[in-house]
Protein chains: 2
Amino acid sequence: MGCKIEEFQQEQRKRIRAVQDSMDVLNGKWKIAIISSICCYGKRRFSDILNDIEGISNRMLSKELKELEINQLVKRTVLDTQPITVQYELTEHGDTLQTIISNLTDWGIVHRKKIVGK
Amino acid sequence: MGCKIEEFQQEQRKRIRAVQDSMDVLNGKWKIAIISSICCYGKRRFSDILNDIEGISNRMLSKELKELEINQLVKRTVLDTQPITVQYELTEHGDTLQTIISNLTDWGIVHRKKIVGK
DNA sequence: AATAACAGTAACACAGAGGTAACTAAGTAA
DNA sequence: TTACTTAGTTACCTCTGTGTTACTGTTATT
């Protein structure tokens, strides 16, 4: 049995690393907004997301969606319509972010009031 | 009374903006790890945080702590010791991040298993 | 024949995020 | 006198995240 304090410190270091793992996936100016947009509607087309998020360019949206796909948070489906449309939805794994998204939304509202004033 | 769909869309756009507000504060390679470190221990000194977070440099730690102070998430206290030590703790407002940190920690562990495999 | 919609891609540019290394200041211990 | 500790700061450099603009290919519409 090692020292209690050291054990505790190791435990905390692990937790810190875990938070960083999450943030690695969610970092970037647009990722959470994209997830949030898809999450709100269940399924969402490329151009809809483009429209949901103020200021994002199609280049960035395309790039970030690819990364989210690689990280298995988002699923891409091409629909056989004219013109072709592409639908994005959260994977089961992506769905597990709902609580975090929801908390971040609430916190963001409170924080803005706190800092900006109103 | 406007159209239901448009009202809903406006509502979602607000939520997306709120998430982005949160992320603006929490973005950066180290911020959440720093908050997490302070949060774990209640109070934490500069060199302790430096030691908690693998890979961070004193320059970055100093810079990020300043920003966190500006955003009223962290409080800095100089202790009258020899040599001088500086203690960081979360403000009341910073404390409200605990749920998010905790969720991100849990999610990070699950995500690593999912992606890396083990 | 020209234009529009959709879902991107390619080429280029640049600010700033982050890394590295050396330095400061004040006191303590060897 | 030299070296060590704490909590930073400063200068410099690199790289990458993001923005901008223009372009592709397919089909429908005018």
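Letters A, B, ... mirror the listed sequences (proteins, then strands); counts begin at 1.
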### Query
Side chain of K31(A), backbone of N27(A): donor and acceptor closer than 3.5 Å?
yes
### CD1 (I84(A)) with more than 12 external heavy atoms under 6.0 Å
no
### Message
What is the distance, to the nearest angstrom, from the CG atom on N51(A) to the C1' atom on dA5(C)?
### Response
14 Å
### Summary
Q82(B) CD to dT6(D) P, in whole Å, measures 12 Å
### Query
Quick one: L79(B) CG to dG27(C) P, roughly how many Å, whole number?
16 Å
### Message
Can you tell whether the side chains of R44(A) and E89(A) come within less than 4.0 Å, N to carboxylate O?
### Response
no
### Summary
Once base and sugar-phosphate atoms are separated, protein heavy atoms under 4.0 Å mark nucleotides 7-24 of chain C, 5' to 3', with B, S and - as SBBBB------BBB----
### Message
Test side-chain contact (heavy atoms from CB on, under 4.5 Å) on Q10(B) and R13(B); report intermediate values, then the result.
### Response
CA-CA 5 Å; Q10(B) 272 313 103; R13(B) 275 167 161 258; 3.5 Å; yes
### Message
Please report whether the ring centroid of Y41(B) lies less than 6.0 Å from that of Y88(B).
### Response
no
